[in-house]
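In this chain, residues are counted from 1 in sequence order.
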Amino acid sequence: MKQTYARKENVEEKGNNKDQASITNSLKSKTEAIKAGLLGLGTVGTGVYRIIEQHQEDLKHQTGCDIKVEKILIKSMDKERSVAISPELLTTDYGDILNDPNITIVIEVMGGIEEARTYIAKALQSKKNVITANKDLIALYGGELLTLASENGCDLFYEASVAGGIPILRALVEGFASDRITKMIGILNGTTNYMLTRMAKEKLEYDFCLKQAQELGYAEADPTSDVEGLDAARKLAILGTLGFHTDISLDEVKVKGISSVSQEDIQYGKELGYEMKLLGIADRRDEEIELSVQPTFVAKSHPLAHVNGVFNAVYVYGEAVGETMFYGPGAGELPTATAVVSDLVTVVKNLNLGVNGRGMVAPYREKKLKPENRIYRRYFIRLVVKDRSGMLADVTKAFADHNMSISKMIQKPLAGQQAELVTITHTISLKDLEAWVKNIESNRSEIKIVSYYAVEGEEN
Ligand SMILES: NC(=O)c1ccc[n+]([C@@H]2O[C@H](COP(=O)([O-])OP(=O)(O)OC[C@H]3O[C@@H](n4cnc5c(N)ncnc54)[C@H](OP(=O)(O)O)[C@@H]3O)[C@@H](O)[C@H]2O)c1
């Protein structure tokens, strides 16, 4: 997430305060409703509308004023809506929201990148506060838009962009404000977690589970962004930026998806005491940062091994607090809408206090990415070897030649004088692992690497 914050100074800041003060004054009294423009009335937009309508009393109690959706931008006027909406609320012209001075908050839940980016930028330039659920946009242009928000004295919040209904971003920014986060591990994509859970529990094949996820509406017709790990990588970039106070851009996250994970890999992992999960890991030790999304075997003793189905979870290690875990629904109409509306409550409270655009802590830490020779992990490695005497000693030596050693191993006979060796290594460096893979693939025809995956957590 490229950050290019510019804290506005003196003259401009005074100007912004004036603008903000005039917005606050325009609220006149706390009995006057605060008006929001909603961009999108799909899954999330419908949930946001429902919650604002149904929770008026609670929202008023928390903010001191009524909150009203004044206009809703949609694409098609003819579409049937699952919520009763007065037709005059709907528009296909963004100008109806942008040019309405009474609308002080724009909620972007339409998705997509370029149009959403333009609409949000225009809203901020018009001194309207913005809430978005758009992880694709924030992971790519979060820095640019946050700078714009800061320059215009506006809030830009995006709680729903990571892990849907789990209030993880506010927890990182506010709950951990006094601590120093050293590591975050997340199951950040419900679609892949649903697929891996079914593969593990029901011994179903990858293609079948993907088709089921598509039929249930968990996966898109083009599932690439989910199954190849990009969706999780976007969320990890947002988590890394907020948790480590450092500019993290998407291309700094190493990404590997689940499309090559096989049923056999998962069952061998289970036999050795692990569950397969697509993990996003952001690690900061010795001031060096490492970010990756990859299918990982998680020890059954680790709480993340038990996060199943479409659920998400984020495990956070703080120097002072130790270990904490946040768990919940990562998507869906109402869970995601609760995150959007919680941002709305914060914006309204800020409006009442006249402090919009001041809550953002710009990334201030220098970024040092960890080189591969200092990225240490354990690995699950599955090999097919020629079943002959001395072969095991050869494999062990090939490991030792690259500073690798075996912690656990199982051996299974195969047809045609071959055997399968499934190992869990001790902690090794990524650089050594990659050198070993290259050497085996180029020079050792009797040893075939079937798969290898990172391992997380200690087994009991
Ligand atoms: N769905 C989830 O569970 C979830 C979870 C977390 C985050 N998010 C994020 O929330 C955002 C919205 O997701 P969603 O699932 O609610 O999407 P969705 O169901 O496809 O709804 C999109 C809505 O935006 C409107 N829209 C799209 N493009 C538009 C345009 N160019 N001009 C005017 N209106 C436009 C559509 O209008 P019509 O109705 O007229 O077609 C529709 O109402 C996305 O950024 C997504 O990544 C979603």
Side-chain angles (χ1 to χ4, degrees), residues 16-41 44-73 83 85-86 89 97-98 100-109 120 123-124 126-134 146 149-150 152-161 164-175 177 328 333-361:
N16 288 338
N17 291 346
K18 231 166 128 192
D19 290 328
Q20 202 55 64
S22 69
I23 289 171
T24 311
N25 288 341
S26 79
L27 301 173
K28 286 185 192 128
S29 85
K30 288 185 177 181
T31 52
E32 191 166 313
I34 297 233
K35 291 176 181 156
L38 193 57
L39 314 188
L41 190 62
V44 184
T46 303
V48 169
Y49 183 79
R50 275 192 223 278
I51 290 183
I52 294 175
E53 288 300 299
Q54 289 168 10
H55 296 188
Q56 270 299 321
E57 201 185 324
D58 289 336
L59 294 174
K60 185 164 185 170
H61 184 72
Q62 290 181 61
T63 62
C65 44
D66 291 312
I67 299 175
K68 189 168 173 255
V69 175
E70 183 76 358
K71 266 285 172 249
I72 304 174
L73 180 74
V83 66
I85 297 258
S86 148
L89 273 189
I97 290 171
L98 187 67
D100 182 342
N102 294 315
I103 293 178
T104 50
I105 304 170
V106 168
I107 303 171
E108 187 277 304
V109 283
I120 289 178
L124 294 170
S126 305
K127 315 282 183 220
K128 295 184 196 296
N129 300 285
V130 173
I131 294 154
T132 177
N134 196 329
L146 284 164
S150 170
N152 286 282
C154 292
D155 287 334
L156 170 62
F157 292 137
Y158 44 92
E159 179 66 69
S161 66
I166 308 175
I168 182 66
L169 300 189
R170 196 153 283 119
L172 291 182
V173 172
E174 292 175 11
E333 178 183 315
L334 291 175
T336 310
T338 61
V340 174
V341 179
S342 77
D343 279 345
L344 180 63
V345 167
T346 308
V347 173
V348 174
K349 284 180 177 170
N350 287 348
L351 272 172
N352 287 337
L353 294 169
V355 295
N356 301 83
R358 299 179 158 245
M360 230 86 76
V361 180

List the steps, then state whether side chain to side chain contact (heavy atoms under 4.5 Å, CB included) holds for Leu344 with Val340.
CA-CA 6 Å; Leu344 180 63; Val340 174; 5.8 Å; no

Test Leu38 against Val109 for side chain to side chain contact (heavy atoms under 4.5 Å, CB included), laying out the working first.
CA-CA 7 Å; Leu38 193 57; Val109 283; 3.8 Å; yes

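Among Val173, Ile107, Thr346, Thr132, the single residue meeting the side-chain contact (heavy atoms from CB on, under 4.5 Å) criterion with Phe157 is Thr346. For the side-chain contact (heavy atoms from CB on, under 4.5 Å) with Val347, the qualifying choice from Ile34, Thr104, Ile105 is Ile105, the only one to do so. The one candidate from Val130, Asp343, Ile131 that meets the side-chain contact (heavy atoms from CB on, under 4.5 Å) condition with Leu156 is Val130.
Scanning both residues, Ala339 and Gly164, for their nearest heavy atoms gives CB-O, 3.4 Å.
Counting only distance, with no hydrogens or angles, the side chain of Asn129 and the backbone of Asp155 share a donor-acceptor pair below 3.5 Å. In terms of modelled atom types and a separation under 3.5 Å, the side chain of Asn352 and the main chain of Thr63 share a donor-acceptor contact. Glu159 places a side-chain N or O within donor-acceptor distance of the main-chain N or O of Leu169, the cut-off being under 3.5 Å.
Expressed to the nearest 0.5 Å, how far CD of Glu57 lies from CD of Gln62 amounts to 11.5 Å. Distance check, rounded to the nearest 0.5 Å: CD1 of Ile103 to NZ of Lys35 gives 8.5 Å. To the nearest 0.5 angstrom, Glu108 atom CD is 10.0 Å from Leu73 atom CG. With values rounded to the nearest 0.5 angstrom, Cys154 atom SG is found 5.5 Å from Leu124 atom CG. How far CD of Glu32 is from SG of Cys65: 9.5 Å, rounded to the nearest 0.5 Å. Within the model, atoms OG of Ser86 and CD1 of Ile72 stand 9.0 Å from one another, a figure rounded to the nearest 0.5 Å.
Contact of the Ile67 side chain with the Val341 side chain is not registered, since no non-hydrogen atoms from C-beta on lie closer than 4.5 Å. Looking at Asn102 and Glu70, their side chains never come closer than 4.5 Å, going by heavy atoms from C-beta outward.
A donor-acceptor contact closer than 3.5 angstrom is absent between the side chains of Asn350 and Asn356.
With sequence neighbours excluded, the residues that form a side chain to side chain contact (heavy atoms under 4.5 Å, CB included) with Glu333 are Thr43, Thr46, Arg50.
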